[in-house]
Amino acid sequence: MTGHSRAITSNQPGPHRDLTRRVERALQHPLRKPVADHTREAFERAEHWRDARARMPLILDAGCGVGLSTRRLASEHPGCAVIGVDRSADRLSRDHGPLPDNALLVRADLVDFWRLALAEGWQPARHYLLYPNPYPKSVHLKMRWHGHPIFPVIPALGGRFELRSNWRLYVEEFALALRQATGVEAGVEAFEPDGEPLTPFEGKYRQSGQSLWRLVTELPHRPELLPVE
Ligand SMILES: C[S@@+](CC[C@H](N)C(=O)[O-])C[C@H]1O[C@@H](n2cnc3c(N)ncnc32)[C@H](O)[C@@H]1O
């Protein structure tokens with residue numbers, strides 16, 4: 001990924017006024033959409049891979065793109081099993097060198113993969129959401145992860161959770177949604193990655209001189225956040 005990247009522009013001056021309502025709805029009504037067969041199969045393969053690493057703490061890299069961060073996290077945490085998930089076969093297929101033995105790339109829809117992970121009792125030690133698609137137009141709130149019906153599953157999984165974005169408001173809204181769903185207060189901070197960027201998008205934004213924002217918080221595993229219908 002190269003080149004200049006423009007800073008986010010949005011017609012939203014502050015947190016979306018429907019955010020609280022969206023989160024409330026997601027907390028009251030769990031997503032019922034059936035899990036796609038291809039993600040169920042991908043999840044089963046991931047479970048099988050994990051079985052061979054049952055004693056290793058799990059790191060999830062959600063929306064891993066080309067999997068650079070998955071590789072880096074696996075090298076930084078050799079004692080952990082790192083799973084990168086992305087729905088784009090094209091991104092996942094790009095050659096970024098061999099995968100370490102403690103890393104796995106999975107093609108799957110996170111909306112399904114996260115639900116299966118929670119249902120199977122997965123408890124990631126660390127959970128990364130690095131530069132999710134921002135969907136900055138106000139009308140697209142429901143496509144941002146914190147405005148999506150899947151949202152409560154993310155904190156329910158628990159672990160040290162880290163979100164990074166080049167759009168401050170995305171991280172601020174996510175923090176508000178987290179507080180509403182869990183009571184956890186997570187601070188939003190500007191940060192400068194030291195050394196190599198963790199992901200291609202991080203590199204691209206940095207090259208363009210954009211500010212980077214993140215939220216890091218420790219979340220308890222709380223499957224009961226999801227109502228049983
Ligand atoms: C802006 S890119 C960031 C990729 C990478 N984390 C990075 O920083 O370079 C967002 C990624 O999220 C993935 N994504 C978006 N929605 C997804 C979903 N429902 N399930 C799985 N991956 C998804 C996209 O395919 C894309 O690779």
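In each ligand, atom 1 is the first atom listed, and ligand 1 is the first ligand listed.
At under 3.5 Å, a nitrogen or oxygen of G63, whether backbone or side chain, sits near a nitrogen or oxygen of ligand 1. Considering backbone and side-chain N/O atoms, V85 never comes within less than 3.5 Å of an N/O atom of ligand 1. At least one N or O atom of R87, backbone or side chain, sits closer than 3.5 Å to an N or O atom of ligand 1. The shortest N or O to N or O distance between V111 and ligand 1 is not below 3.5 Å. Checked by distance only, ligand 1 and E202 stay at 3.5 Å or farther apart across all their nitrogen or oxygen atoms. Between L130 and ligand 1, a contact under 3.5 Å exists for at least one N or O pair.
Heavy atoms of A108 found under 4.0 angstrom from ligand 1 belong exclusively to the backbone. Of all the heavy atoms of W114, none lies under 4.0 Å from any atom of ligand 1, so neither backbone nor side chain is involved.
For the ligand labelled ligand 1, residue Y205 lies outside the 4.0 Å heavy-atom shell. Heavy atoms of S69 come nearer than 4.0 angstrom to ligand 1 in no pair at all. Ligand 1 lies less than 4.0 angstrom from a heavy atom belonging to R91.
Judged as a ring pair (Phe, Tyr, Trp, His ring centres under 6.0 Å), the pairs with a partner in residues 138-158 (not counting sequence neighbours) are, in order, W114-W145, W145-H148, H146-Y170, H146-F174, F151-F174.
Of the candidates D86, V106, T70, the one placing a heavy atom closest to atom 25 (O) of ligand 1 is D86.
Look at R40 and D37 and you find no salt bridge, because none of the NZ, NE, NH1 or NH2 atoms lies under 4.0 Å from a carboxylate O. Ion pairing between a basic and an acidic side chain is recognised when a charged N comes within 4.0 Å of a carboxylate O; R179 and E185 show such pairing.
Those atoms of ligand 1 with a heavy atom of S88 less than 4.0 angstrom away are 25 (O). Set against the non-hydrogen atoms of D109, the atoms of ligand 1 under 4.0 Å away are 18 (C), 19 (N), 20 (N).
Scored by the side chain to side chain contact (heavy atoms under 4.5 Å, CB included) test, Q210 finds S5, A7, N166, Y205, S208 as partners (sequence neighbours excluded).
A cation-pi arrangement, defined by a distance under 6.0 Å to the six-membered ring centre and an angle within 45 degrees of its axis, is absent between R144 and W167. A cation-pi arrangement is present between R214 and F191, with the terminal nitrogen or guanidinium carbon under 6.0 Å from the aromatic centre and inside a 45° cone about the axis.
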Between E172 and W213, is a side-chain hydrogen bond (donor to acceptor under 3.5 Å, both in side chains) present by the stated rule, with each step listed? CA-CA 9 Å; E172 286 175 351; W213 303 92; over 6 Å; no
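By the neighbour-count criterion of 12 heavy atoms within 6.0 Å, atom NZ of K137 is sparsely surrounded, having that number or fewer from other residues, nucleotides or ligands. The neighbour count for D101 CG, taken as heavy atoms of other residues, nucleotides or ligands under 6.0 Å away, does not exceed 12.
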